[in-house]
Amino acid sequence: MTFQDIHQQLLDRFGAQVISGANAEAIDPWVEVAPEAIAEVAAYLKDHVTFAFDALNDLSGVDYFETDAKLAGKFPYEPHVEVVYHLYSYTHKHWLTVKVKLPRWKGGVEGQLPEVSTVSHIWAIADWHEREAYDLVGIRFLGHPNLVRILCTDDWVGHPLRKDYEFPLEYHGIRGK
Amino acid sequence: MATAELQDPRVIEFDVRTDEMLVNMGPQHPSTHGVLRLLLRTDGEVIHECTPHIGYLHRCAEKIGENLTGPQWIPYTDRMDYLAGMNMNLGMALAFEKLVGMEVPEKAMTLRVIIAELGRIASHLVGMGAYGLDLGSFSPFLYAFREREIILDLFEEACGARLTYSYLTIGGATHDLPGMIPIPPGLAALTGRSPNEKLLWTDALRLFLNWLEDRIKEYHTLLTRNSIFIKRTAGIGVMPAEMAISYGCTGPVLRGSGVDHDLRRDGDPIYTRMYAGYNWDVCVAPFAGVKGIPPEVILGDNWCRFFVRMLEVVQAIRLVRQGLDRYPTVQGEYRVPFKMSTKLPVNECYLETECPRGQMGFYLVGDGQAEPLRARAKSSCFCNLSVTGPLCQGVLIADIPSIVGSLDVVMGEIDR
C-alpha cells in the first residue's frame, strides 16, 4: 500500500480530529495522531488486514527544543516532545511512521512529564522501548505494566536526552566533572 | 504414608518441595555475554521468572551523537556492537546518506559489501564459538578465534584498526582496499605459505575464503551434529514466529523462527541496491533442502537460531567472492567527499540495516545544523534480549545460558 492510501483510509476511519497531520514529502512519510487516540489507532493499524503492521521496528522519543536563546529564533521547530513509531508489516512489506506530538511538560509545569497511552499491549517490544523513552526522554506512558528506568539506575535524577538536562555534578560520591 | 503412595514419584516430589529463591545471574557471569544481569525467581532448578537487567554498559551514545557531526559520531558506533563494528559503521553512514540525499559510487558499494560481509563472518564465528563455550565445548571457540584473527589482520591492513574500525564512513570508506600486503601470519601458517610472502590484499582474502570454506564442515562436526550439543539446544527455547515478531526480534533470531525476511533483500532501496545483482540465499528455518537436520529439532528453537548463523557464514563467503570478482572493474571512486561541516536538512529519516545480530536502526532528525537534533540508535540485540523473560519461563537453570547464548547478544549494543 502506498502512503496516500494508508493516510486516506485512516482519515476515513478516524477523521481529521484524530489523524491531525501528515507529511507525504518527508523522506519517511509520516502521519500524526492525536495523543489520546494512539492506542486505538495502533491497534487498528496492527489488526486490520489491509495494514497488518505486525512489527514495531522502533519507538523513540524526541525533544524538539533549543536551549541557546540566540539560536532559538532560527530553530525550525516549535518546542515540543514527540513519540515516533516506526511500523513495518511482514505480510505486506510496507512501512509507516506514526508520530504523536506532546507538550514538553504536562500542563506547562516544568518537571511534570507529558503523558501518552502505552502500546505495549499491542506490540510486546514496546514495553522496553517505552521504558527507554521514559528513562531517557521523560515521557510517561499511561497503562504501561512496569514503567521503570531501564538504562540508567533506578535512583537517577532527570531524563538525559532532554535538551535542557543538566549533567549531575555528583552521584553517590562520584564526581561528575 | 502408605507405601502405595510413595511409589508414585510425584508424591515424593511434592513432599520435598522447596521455597522460591531469588538468584542473581550476572552481571559478571561468564556465560551472560557481557554485563547482563538476569534476576531469576527459581523453585529448585526450575525458573519461574527471569527478568533481565541492563544498562551496565550505558555510555550515552545517543546524547553524544546529538553534540557531534556525522563523521565524528562514527567511532561511537564501532563501540556499540564491538564484534561487528564494520556493520555498525555502515548502518550509520547509510542513514546519514539517506538524510542528506547522497549517492555513493558503485566502487564504494562493492567495497562495502566485501567489508560488511567479512564483518558478518567474523561476528558469526564469535557467535558460534562463544555459544559452544556456553555449552561446555571449548575447542570451537579456539578455532573460531583462529579464523577471526585472519579477518582482523585483513581489516588491520585496510584501515589500521582491529576492533574499532571507523572504516566505512559517510560517502564510502576512509581508504581504498590495500594493494600488496605481507601475508597475515596466521594465514601463512595455516596454508603452508612462506611467512615472508607478499601478496595482494584481495588475493589474501580469496586464499582465506578458500581455506575457511573447507573448515565449515569441521565446525558442523564439532557442534551442529554433536549429540551433546543437540541435546542442549534442540527443542529448548522454542519461539513461534508471532512471538518473535511481536517482541521485535530480527536477524538470525527471526529467521530461526521461520520468518523469511532479510533486509539485504527486503529493506530500504538505499541499502538493497548495494546487493543488487549478487547471487545468494536467505537462510530460514526449517531449512528446506538441507540434509541431516536432527529429528529432535523444533522450528524456532536454539538449534535453529544457531544453524541460521552457520549457514549465513557460507552465504557471506559467496557474497564476498562475488564482490571481489566485481571489484577490479567497477566504476567510480571508493568514496565521495563529505564535509564535516555539512548542514543537515530540516528533515528526518529512519534506516535499518541487516547487521549480524539483527536489524540495527538509526533514526536521525536534522534541524539545519551540522549536528543532528536527535541521533537514535535502535539496537537489534535490545529487542532480541527482551524475549528472554518469556522464553526462560519454566526452563531449567542450565538452559538459561543455552537460550541467552542462542540470541547472541552483545551488551555494548544493547546499552549503547
Side-chain angles (χ1 to χ4, degrees), chain A residues 23 25-28 30 46 52-66 71 74-77 82 84-86 88-91 93 95 97 99 120-129 131-133 135-137 146 148-154 156 160-163 165 167, chain B residues 51-60 62-63 66 98-101 241-250 254 259-261 266-268 345-352 359 361-369 373-379 382-387 389-390 414-416:
Chain A
N23 186 346
E25 269 76 58
I27 301 176
D28 295 319
W30 48 266
K46 190 195 172 187
F53 284 109
D54 41 13
L56 177 69
N57 272 352
D58 184 26
L59 184 156
S60 39
V62 189
D63 182 17
Y64 287 91
F65 188 61
E66 176 56 67
L71 294 171
K74 275 198 227 157
F75 190 63
Y77 304 99
E82 240 169 48
V84 188
Y85 306 80
H86 292 276
Y88 180 68
S89 165
Y90 284 103
T91 323
K93 300 198 186 296
W95 288 271
T97 306
K99 286 185 170 199
S120 58
H121 54 287
I122 300 167
W123 298 284
I125 184 59
D127 182 333
W128 277 31
H129 279 322
R131 277 175 68 188
E132 190 185 327
D135 185 1
L136 300 182
V137 191
N146 178 31
V148 292
R149 288 181 183 271
I150 189 164
L151 291 179
C152 298
T153 54
D154 287 342
W156 197 256
L161 285 182
R162 285 289 179 128
K163 293 286 175 188
Y165 171 77
F167 197 79
Chain B
T51 320
H53 287 261
I54 60 174
Y56 292 93
L57 209 55
H58 182 47
R59 291 149 299 173
C60 324
E62 294 179 4
K63 185 77 177 173
E66 291 177 4
K98 186 178 174 188
L99 183 62
V100 298
E242 298 77 43
M243 184 177 172
I245 290 173
S246 178
Y247 276 90
C249 296
T250 47
L254 181 71
V259 181
D260 188 2
H261 188 261
D266 309 317
D268 192 283
V346 183
N347 211 329
E348 57 181 67
C349 81
Y350 179 68
L351 182 75
E352 287 194 343
Q359 299 172 10
F362 285 93
Y363 174 55
L364 301 167
V365 183
D367 64 347
Q369 306 284 323
L373 176 84
R374 177 82 162 97
R376 159 123 170 102
K378 179 236 125 178
S379 156
F382 183 87
C383 304
N384 289 350
L385 184 73
S386 75
V387 84
I414 293 172
D415 294 340
R416 285 154 291 159

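Convention: sequence-line order gives letters A, B, ...; per-chain numbering from 1. Computed from a predicted structure; not experimentally measured.
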Participant: Without swapping roles, check the side chain of B:Lys63 against the backbone of A:Arg162 for a donor-acceptor pair under 3.5 Å.
Facilitator: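 At least one qualifying donor-acceptor pair exists.
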
Participant: Which atoms of A:Val148 are under 4.5 Å from chain B, going by heavy atoms: the side chain, the backbone, both sets, or neither?
Facilitator: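 Neither; nothing under 4.5 Å.
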
Participant: Quick check on B:Leu254 against chain A: is it the side chain, the backbone, both or neither that has a heavy atom closer than 4.5 Å?
Facilitator: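 The answer is the side chain of B:Leu254.
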
Participant: Which bit of A:Leu59 is near chain B, if near means a heavy-atom gap under 4.5 Å: side chain, backbone, both or neither?
Facilitator: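 Contact with chain B: backbone only.
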
Participant: Counting C-beta onward and ignoring hydrogens, is there a side-chain heavy-atom pair between A:Val62 and B:Tyr363 closer than 4.5 Å?
Facilitator: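 Result yes, sub-4.5 Å side-chain heavy-atom pair found.
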
Participant: Are A:Lys99 and A:Tyr85 close enough that some pair of their side-chain heavy atoms sits under 4.5 Å apart?
Facilitator: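 No - every pair of side-chain heavy atoms lies 4.5 Å or more apart.
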
Participant: Who wins among B:Met243, B:Glu242, B:His53, B:Glu352 for the most heavy-atom pairs under 4.5 Å with chain A?
Facilitator: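 That would be B:Glu352.
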
Participant: Between B:Tyr247 and chain A, with a heavy-atom cut-off of 4.5 Å, which part of the residue counts as in contact: side chain, backbone, both or neither?
Facilitator: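 It is both, since atoms from each part get that close.
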
Participant: Side chain, backbone, both or neither: which part of A:Tyr64 has a non-hydrogen atom closer than 4.5 Å to chain B?
Facilitator: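 It is both, since atoms from each part get that close.
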
Participant: Tell me, side chain or backbone of B:Glu348 under 4.5 Å from chain A's heavy atoms, or both, or neither?
Facilitator: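 Contact with chain A is through both the backbone and side chain of B:Glu348.
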
Participant: Would you mind checking which part of B:Val387 comes under 4.5 Å of any heavy atom in chain A, side chain (CB onward), backbone (N, CA, C, O), both or neither?
Facilitator: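 When you check distances to chain A, no heavy atom of B:Val387 falls under 4.5 Å.
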
Participant: Contact part of B:Glu62 toward chain A, heavy-atom cut-off under 4.5 Å: side chain, backbone, both or neither?
Facilitator: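 Interface part for B:Glu62: both.
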
Participant: Answer with side chain, backbone, both or neither: which region of B:Val365 has an atom nearer than 4.5 Å to a non-hydrogen atom of chain A?
Facilitator: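 B:Val365 touches chain A through side-chain heavy atoms alone.
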
Participant: Against chain B, work out which of A:Asp127, A:Val84, A:Asp135, A:Asn23 has the most heavy-atom pairs shorter than 4.5 Å and name it.
Facilitator: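 Looking at each option in turn, the highest pair count goes to A:Val84.
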
Participant: Any idea which heavy atoms bring A:Lys46 and A:Asp54 closest together, and the distance?
Facilitator: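 Distance-wise, the nearest heavy atoms are CG-CA, 4.2 Å.
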
Participant: Determine whether more than 12 heavy atoms belonging to other residues, nucleotides or ligands lie under 6.0 Å from atom NZ of A:Lys74.
Facilitator: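 No, because the 6.0 Å sphere around NZ of A:Lys74 holds 12 heavy atoms or fewer from other groups.
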
Participant: Is there side-chain contact between B:Arg374 and A:Val137, with heavy atoms separated by less than 4.5 Å?
Facilitator: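 When only atoms from C-beta onward are counted, A:Val137 and B:Arg374 do touch, with a gap below 4.5 Å.
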
Participant: Taking all atoms of both residues into account, what is the closest heavy-atom pair of A:Tyr77 and B:Gly366, and its distance?
Facilitator: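 Taking every non-hydrogen atom into account, OH-O, 2.8 Å.
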
Participant: Please examine the side chains of A:Lys163 and B:Leu373, heavy atoms only from C-beta on, and report whether any two atoms are closer than 4.5 Å.
Facilitator: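 Counting from C-beta outward, B:Leu373 and A:Lys163 do come under 4.5 Å.
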
Participant: Below 30° counts as parallel, above 60° as perpendicular, anything between as tilted: where do the rings of B:Phe382 and A:His129 land?
Facilitator: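 Parallel.
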
Participant: Identify which of A:Arg149, A:Glu132, A:Glu25 forms the greatest number of heavy-atom pairs closer than 4.5 Å to chain B.
Facilitator: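 Result: the option with the highest number of such pairs is A:Glu132.
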
Participant: Check whether A:Trp95 reaches the backbone of B:Asp268 with its side chain - one donor and one acceptor, N or O, closer than 3.5 Å.
Facilitator: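 No: the side chain of A:Trp95 does not pair with the backbone of B:Asp268.
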
Participant: Could you check whether any side-chain N or O of B:Asn384 sits under 3.5 Å from a backbone N or O of B:Thr250, counting only pairs where one atom can act as donor and the other as acceptor?
Facilitator: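 Present.
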
Participant: Using a cut-off of under 4.5 Å for heavy-atom pairs, which of B:Gly248, B:Gly55, B:Pro52, B:Ser246 has the most such pairs with chain A?
Facilitator: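 Answer, by heavy-atom pair count under 4.5 Å with chain A: B:Ser246.
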
Participant: Quick one: closest heavy-atom pair of B:Lys98 and B:Tyr350, and the distance?
Facilitator: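 Here B:Lys98 and B:Tyr350 meet closest at NZ-O, 2.9 Å.
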
Participant: Among A:Leu161, A:Asp28, A:Thr97, A:Asp58, which residue forms the greatest number of heavy-atom pairs with chain B at distances under 4.5 Å?
Facilitator: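 Winner by heavy-atom pair count: A:Asp58.
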
Participant: Between A:Asn57 and chain B, with a heavy-atom cut-off of 4.5 Å, which part of the residue counts as in contact: side chain, backbone, both or neither?
Facilitator: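 Interface part for A:Asn57: both.
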
Participant: What residue in B:His58, B:Lys378, B:Gln359, B:Arg416 has the most heavy-atom pairs under 4.5 Å with chain A?
Facilitator: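 Looking at each option in turn, the highest pair count goes to B:Lys378.
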
Participant: Counting only heavy atoms closer than 4.5 Å, note whether B:Cys60 contacts chain A via side chain, backbone, both or neither.
Facilitator: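 Contact with chain A is absent: no heavy atom of B:Cys60 under 4.5 Å.
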
Participant: Given heavy-atom pairs under 4.5 angstrom as the criterion, report whether the side chain, backbone, both or neither of B:Leu385 touches chain A.
Facilitator: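 Backbone plus side chain of B:Leu385, per the 4.5 Å heavy-atom cut-off to chain A.
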
Participant: Give, as side chain, backbone, both or neither, the part of B:Ile414 having an atom under 4.5 angstrom from any heavy atom of chain A.
Facilitator: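 Just its backbone gets close to chain A.
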
Participant: Would you mind telling me which of B:Val346, B:Asp415, B:Leu99 has the largest number of heavy-atom pairs within less than 4.5 Å of chain A?
Facilitator: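 Heavy-atom pair counts peak at B:Val346.
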
